[in-house]
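For reference, the structure discussed in these notes is given below.
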Amino acid sequence: MASPSVIVVQPQLTVANASNALWQTGLMNCCSDCGVCLCGTFCTLCLGCQVASDMNECCLCGGSVAMRTLYRTKYRIPGSICSDFCTILWCSACSLCQIKRDINRRKEMGIF
């Protein structure tokens with residue numbers, strides 16, 4: 001009879017390298033990726049679903065404070081839940097575009 005295997009190491013949360021701990025583009029840098037900007041302007045829900053899909057989350061979470069906070073925390077981007085809330089409240093489309101641009105840039109750099 002075989003003995004059961006014993007787990008000696010628990011899975012850990014993976015956090016990105018702190019050297020890239022800033023947003024790749026500014027909140028209002030829409031011209032740096034016009035495709036994302038147009039999608040965010042005319043089909044915000046579609047962009048939210050793309051962001052959520054990239055993060056392996058529910059489609060309805062894409063434009064939420066929780067998604068922005070999760071993303072910011074994962075990449076150690078400075079900020080707070082309060083700043084995330086205010087950004088989503090007053091600039092929701094710009095916030096979503098910023099996250100998507102950041103995801104795209106990090107994918108290009110191979111750190112997403």
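For this chain, numbers begin at 1 and follow the sequence in order. These numbers were taken from a predicted model, which means no experiment stands behind them.
Other residues sharing a hydrophobic cluster with L27 under the 4.5 Å side-chain heavy-atom criterion for ILVMFWY residues are M28.
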Decide side chain to side chain contact (heavy atoms under 4.5 Å, CB included) for V36 and N104; before the verdict, give the C-alpha distance in whole Å, the side-chain angles of both, and the deciding distance to 0.1 Å.
-> CA-CA 10 Å; V36 169; N104 291 345; 3.7 Å; yes

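What you find for L22 and R106 is that their closest heavy atoms are O-NH2, 3.1 Å. A pairwise comparison of heavy atoms in M109 and Q24 identifies CE-OE1, 3.5 Å as the closest pair.
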Donor-acceptor list for residues 50-67 side chains, cut-off 3.5 Å, not counting sequence neighbours:
residue: D54; atom: OD1; partner: K107; partner atom: NZ; Å: 3.2
residue: D54; atom: OD2; partner: K100; partner atom: NZ; Å: 2.6
residue: S64; atom: OG; partner: C61; partner atom: O; Å: 2.8
residue: S64; atom: OG; partner: M67; partner atom: N; Å: 3.1

Atom pairs and distances, side-chain donor-acceptor, residues 84-97, under 3.5 Å, sequence neighbours left out:
residue: D84; atom: OD1; partner: R72; partner atom: NE; Å: 3.1
residue: D84; atom: OD2; partner: T69; partner atom: OG1; Å: 2.7
residue: D84; atom: OD2; partner: R72; partner atom: NE; Å: 3.0
residue: D84; atom: OD2; partner: R72; partner atom: NH2; Å: 2.9
residue: T87; atom: OG1; partner: S83; partner atom: O; Å: 2.7
residue: S95; atom: OG; partner: R68; partner atom: NH1; Å: 2.8

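No more than 12 heavy atoms of other residues, nucleotides or ligands sit less than 6.0 Å from atom CG of L45.
Looking at D33, its side chain never comes within 3.5 Å of a backbone N or O of R101 through a donor-acceptor pair.
Within the model, atoms CD of Q98 and CG of N29 stand 8.5 Å from one another, a figure rounded to the nearest 0.5 Å.
For the cysteines C46 and C43, the sulfur (SG) atoms lie within a distance shorter than 2.5 angstrom of each other.
For the side-chain hydrogen bond (donor to acceptor under 3.5 Å, both in side chains) criterion with D102, the lone passing option out of Y75, Y71, W23 is Y71.
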